[in-house]
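Contents: one structure, followed by commentary.
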Amino acid sequence: MNLGQHVATIDTALLVLQYKQLQSQQSSTEQSSPDIAAQAAVLRTQIAHQQNECARISRLLADGAATQKQSDDAEAQLKVLRGQLNALLSTLGKNRGSISENALALQYQKEQIEEQIDKSRIMSPITGTVLLKYAEQGEFATTGRPLLKVADLNNIYLRSYFTASQLAGLKIGQKVTVTADFGGDEQYEYPGIVTWIAQESEFTPKSIQTNDTRANLVYAVKIAVKNDGRLKLGQYGEVRL
């Protein structure tokens, strides 16, 4: 199994239906956005006509063919039309803004569903071997429940324990020799590198033997070993500095 390989899929039928529903709602919301230019076109036409009427009356007033009242009434009508246009533009602008915010909220919900659908495709986090399957096809998967146990068997770690006196000559990055015990007299040596040293001591595990039988407290150490195909998880080994 390679890094990023698709290993399992959680059923996404409900998520897909939710996504389609949100998509339909978003489309309907966007289509309900008012066409400001079209709705304001009538008032703009009336304003243009009234402006021409005001100019005509102004010329007649200059020639003495119209009264001041006619001129004032025409200007007042123009002012009313302009006020109506400003009010209409303000209302439509607020409506469009509210609709845009609703459409944006639906878009965020769609993106959340997309993220859930994407995470329903389980990819291998490492290049390794499947050791155990905790779920079969058709079974329910719940949050926190593992589906597979995968391990990189090409690069494994030996967890060993050192006494305080032994720890003095050990440091991260140091090269050591690991002797793997295959039972009987069959043993193989592997080069290893110290990758981690515990900061606190702990009681010696019952399954661990130390040269110093008086040592009750030991420090855990991780040693990286390159596997040639013979090493197995849980196998015993001995470290030589």
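Quantities reported herein were computed from a predicted structural model and do not represent experimental measurements.
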Residue pair Y190 / K226, side-chain heavy-atom distance below 4.5 Å: no
From Y188 OH over to T179 OG1, what is the distance, rounded to the nearest 0.5 angstrom? 12.5 Å
Is the shortest heavy-atom distance from the side chain of N102 to the side chain of L106 under 4.5 Å? no
Can you name the closest pair of heavy atoms from K232 and Q235 and give their distance? N-OE1, 3.0 Å
Measure the spacing between CD of Q187 and OH of Y236 and express it to the nearest 0.5 Å. 14.5 Å
Nearest heavy-atom approach of L241 to V176 is CD2-CG1, 3.6 Å
Does a side-chain N-to-carboxylate-O contact under 4.0 Å join D63 and R59? no
So, do Y161 and V221 sit near enough that their side-chain heavy atoms are less than 4.5 Å apart? no
I would like to know whether I47 and R82 meet side chain to side chain contact (heavy atoms under 4.5 Å, CB included); could you show each step before the answer? CA-CA 7 Å; I47 288 173; R82 285 174 173 170; 4.1 Å; yes
Under the 3.5 angstrom rule, does the side chain of T45 hit a backbone N or O of A41 as a donor-acceptor pair? yes
Stepwise salt bridge (charged side-chain N to carboxylate O under 4.0 Å, His left out) test for K110 and E114: CA-CA 6 Å; K110 283 174 54 181; E114 287 176 340; 5.8 Å; no
Calculate, to the nearest 0.5 Å, the distance between atoms CG and CG belonging to N227 and N155 respectively. 8.5 Å
Is there a side-chain contact between D73 and Q70 (heavy atoms, below 4.5 Å)? no
I'd like to check L104 versus E101 (side-chain heavy atoms, cut-off strictly below 4.5 Å). Are they in contact? no
Correct closest heavy-atom pair for E30 and A103 would be CG-CB, 3.9 Å
What do the steps show when you test Q26 against L22 for side chain to side chain contact (heavy atoms under 4.5 Å, CB included), and what is the final call? CA-CA 6 Å; Q26 184 183 23; L22 289 171; over 6 Å; no
Do I223 and V218 belong to the same hydrophobic cluster, where Ile, Leu, Val, Met, Phe, Trp and Tyr are linked whenever their side-chain heavy atoms lie under 4.5 Å apart, directly or via other members? no
Within the side chain of S32, is there an N or O that forms a donor-acceptor pair under 3.5 Å with the backbone of T29? yes
Using atom types as modelled and distance alone, determine if a side-chain donor or acceptor of S90 lies under 3.5 Å from a backbone N or O of N86. no
Euclidean distance, Q23 CD relative to Y19 OH, rounded to 0.5 Å: 5.0 Å
Would a distance-only check, ignoring hydrogens and angles, find a side-chain to backbone donor-acceptor pair under 3.5 Å from H49 to Q51? no
Hydrophobic cluster membership, I10 vs I117, 4.5 Å side-chain cutoff: no
Hey, are the side chains of P34 and I99 touching, using non-hydrogen atoms and a 4.5 Å cut-off? yes
L17 versus Q21: any side-chain heavy-atom pair under 4.5 Å? no
Flag the pair S24 / K20 as yes when at least one side-chain heavy-atom distance between them is below 4.5 Å, and no otherwise. no
Got a second to check how far Q116's CD is from Q112's CD, nearest 0.5 Å? 7.5 Å
I need the minimum non-hydrogen distance between L147 and A8, along with the two atoms involved. CD1-CB, 4.5 Å
Could you please spell out the steps behind the side chain to side chain contact (heavy atoms under 4.5 Å, CB included) verdict for L233 and L153? CA-CA 8 Å; L233 297 181; L153 298 182; 3.8 Å; yes
Minimum heavy-atom separation for M123 to G4, with atom names? SD-O, 3.5 Å
Is the CD atom of E200 crowded by more than 12 outside heavy atoms at less than 6.0 Å? no
Would a distance-only check, ignoring hydrogens and angles, find a side-chain to backbone donor-acceptor pair under 3.5 Å from S71 to I57? no
Same cluster or not: I126 versus V7, using hydrophobic residues (I, L, V, M, F, W, Y) connected whenever any side-chain heavy atoms lie under 4.5 Å apart? yes
Rounded to the nearest 0.5 Å, how far does CD of Q50 lie from CG of L81? 6.0 Å
Looking only at heavy atoms, what is the nearest atom pair of R96 and D35, with distance? NH2-CA, 4.3 Å
Assigning hydrophobic clusters by single linkage (Ile, Leu, Val, Met, Phe, Trp, Tyr; side-chain heavy-atom cutoff under 4.5 Å), is V178 placed with L167? yes
Does atom CD (E139) have a neighbourhood of more than 12 heavy atoms from anything else shown, all under 6.0 Å? yes
Give the C-alpha distance, both sets of side-chain angles, the deciding distance and a yes or no for side chain to side chain contact (heavy atoms under 4.5 Å, CB included) between N154 and T127. CA-CA 9 Å; N154 292 324; T127 297; 5.6 Å; no
If hydrophobic clusters are built by linking Ile, Leu, Val, Met, Phe, Trp and Tyr wherever their side-chain heavy atoms come under 4.5 Å apart, do I197 and I193 end up in the same one? no
